[in-house]
Structure formats: structure tokens, C-alpha cells
Amino acid sequence: MSEKEKKCTCGCDEHEHDCDCDCGCDYEDDIVELTTDDGKKLKFYFVGTLEYQGKNYSAFEPAEQIDGIDDDDLIIFELAGDDEETADLLPVEDEAILDAVFEEFCKALEEEEALEEETDL
């Protein structure tokens with residue numbers, strides 16, 4: 001799985017997203033709290049949204065320890081609704097679609113990483 005590593009604005013490279021310096025970096029800005037069907041609140045890093053075959057999908061990485069989910073897992077949901085902020089997140093049950101969307105997210109993250117490397121030169 002391709003991982004998206006974030007760099008703190010202070011220059012530290014924090015793979016786990018937990019910057020413990022006092023730089024005021026904005027890691028918390030990318031954290032969203034999702035509520036499960038049974039009311040449990042879980043924290044995730046919002047990775048991004050993309051369109052695939054006419055539908056929108058959003059991807060998240062765990063921002064905390066969650067039973068049954070590895071730290072580097074990419075969790076993908078289909079968006080149901082017009083507004084990304086209020087859309088329902090639906091599980092993707094078709095494995096072929098899930099795999100294809102995962103590959104598209106990996107490509108997008110690799111392209112983003114390549115652009116960041118070019119601008120750092």
C-alpha cells in the first residue's frame with residue numbers, strides 16, 4: 001500500500017502524524033471524526049476525494065489505534081449526497097471497484113508526492 005507521509009511545517013518528518021514539537025503545525029486540521037452505526041466515534045486523517053466511474057469516493061487513514069485496522073490502512077467510502085461535508089459514507093462492497101478506487105488513490109498520492117519533490121528541488 002502506498003502511504004502518504006506528511007511533513008510538519010516546522011520541518012520535522014513525522015510518519016505517524018504525531019508531531020510532539022511546539023511548532024503549531026496543522027496536523028489536527030486533517031483529522032475528521034466519523035461515527036459508526038453503533039455510535040462509536042473514531043478519528044481519521046482525511047486523505048482526499050476522487051471521482052471514479054461517475055461516483056465520488058473519499059479515503060481516510062486511522063488517526064488513532066482502532067481494533068481491526070492497521071495504522072497504514074487506507075479506508076475508502078463511497079460518498080452519497082451532493083455536499084462532501086454532509087454526505088453519507090457508504091462502504092464499498094464490490095471488491096473489484098474497491099481495488100480500482102484504491103489504485104486510483106495510490107496513483108493520485110504518487111503524483112502529489114512527485115510534484116512535492118519537484119518543488120523541493
Side-chain angles (χ1 to χ4, degrees):
M1 174 186 308
S2 175
E3 300 176 348
K4 179 179 181 182
E5 292 188 27
K6 296 185 178 187
K7 291 191 188 277
C8 173
T9 56
C10 69
C12 62
D13 186 5
E14 294 296 322
H15 172 70
E16 295 298 322
H17 308 286
D18 296 325
C19 180
D20 55 4
C21 63
D22 293 325
C23 66
C25 61
D26 58 358
Y27 280 132
E28 293 296 317
D29 292 345
D30 290 336
I31 294 179
V32 294
E33 194 171 75
L34 303 179
T35 306
T36 63
D37 290 338
D38 62 359
K40 186 175 181 182
K41 295 184 184 291
L42 304 173
K43 292 182 180 180
F44 289 89
Y45 291 104
F46 174 69
V47 175
T49 298
L50 61 78
E51 184 179 338
Y52 179 76
Q53 294 185 342
K55 294 183 179 180
N56 292 314
Y57 297 89
S58 287
F60 302 87
E61 290 180 333
E64 61 186 358
Q65 288 287 86
I66 300 172
D67 290 336
I69 300 175
D70 291 334
D71 291 341
D72 62 348
D73 280 351
L74 191 65
I75 312 302
I76 299 172
F77 294 102
E78 179 183 339
L79 294 177
D82 296 328
D83 180 19
E84 189 174 308
E85 295 290 321
T86 60
D88 288 327
L89 300 174
L90 306 176
V92 180
E93 296 179 9
D94 184 321
E95 283 293 320
I97 291 175
L98 185 60
D99 289 343
V101 171
F102 173 78
E103 289 300 321
E104 290 297 315
F105 269 110
C106 289
K107 286 180 195 174
L109 293 174
E110 287 171 6
E111 289 171 6
E112 181 181 313
E113 190 175 287
L115 284 173
E116 287 177 4
E117 287 177 9
E118 285 178 15
T119 59
D120 287 344
L121 296 178

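Being a predicted model, the structure only gives us computed values, none of them experimental. Every heavy atom of this structure was used, including side-chain atoms; hydrogens, water molecules and symmetry mates were not.
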In Å and rounded to the nearest 0.5 Å, what is the [atom1] to [atom2] distance from [X] to [Y]?
| X | Y | atom1 | atom2 | result |
| --- | --- | --- | --- | --- |
| Ile76 | Ile97 | CD1 | CD1 | 11.5 Å |
| Glu116 | Glu118 | CD | CD | 11.0 Å |
| Leu42 | Ile69 | CG | CD1 | 7.0 Å |
| Leu89 | Thr36 | CG | OG1 | 12.5 Å |
| Leu98 | Glu103 | CG | CD | 10.5 Å |

To check you understand the geometry: which heavy-atom pair defines the closest contact between [X] and [Y], and what is its length?
| X | Y | answer |
| --- | --- | --- |
| Val92 | Phe77 | CG2-C, 4.2 Å |
| Pro62 | Ile66 | CB-CD1, 4.1 Å |
| Tyr57 | Tyr52 | CE1-O, 3.7 Å |
| Phe105 | Ser58 | CZ-C, 4.0 Å |

### Task
Check whether any side-chain N or O of Glu64 sits under 3.5 Å from a backbone N or O of Lys43 as a donor-acceptor pair, and report yes or no.
yes
### Query
Under the side-chain contact (heavy atoms from CB on, under 4.5 Å) criterion, do Lys40 and Thr35 qualify, and how do the steps go?
CA-CA 5 Å; Lys40 186 175 181 182; Thr35 306; over 6 Å; no
### Query
Should Ile75 and Leu34 be counted in the same cluster of Ile, Leu, Val, Met, Phe, Trp and Tyr side chains packed under 4.5 Å apart?
yes
### Query
Should we say atom CD of Gln65 is surrounded by more than 12 heavy atoms from elsewhere, each under 6.0 Å from it?
no
### Query
Just wondering, more than 12 heavy atoms not from Asp67 lying within 6.0 Å of its CG?
no
### Query
If you measure from the Lys or Arg side-chain nitrogens to the Asp or Glu carboxylate oxygens, is any gap between Lys107 and Glu104 under 4.0 Å?
yes
### Query
Excluding sequence neighbours, so at least two apart, what forms side-chain contact (heavy atoms from CB on, under 4.5 Å) with Glu51?
Asn56
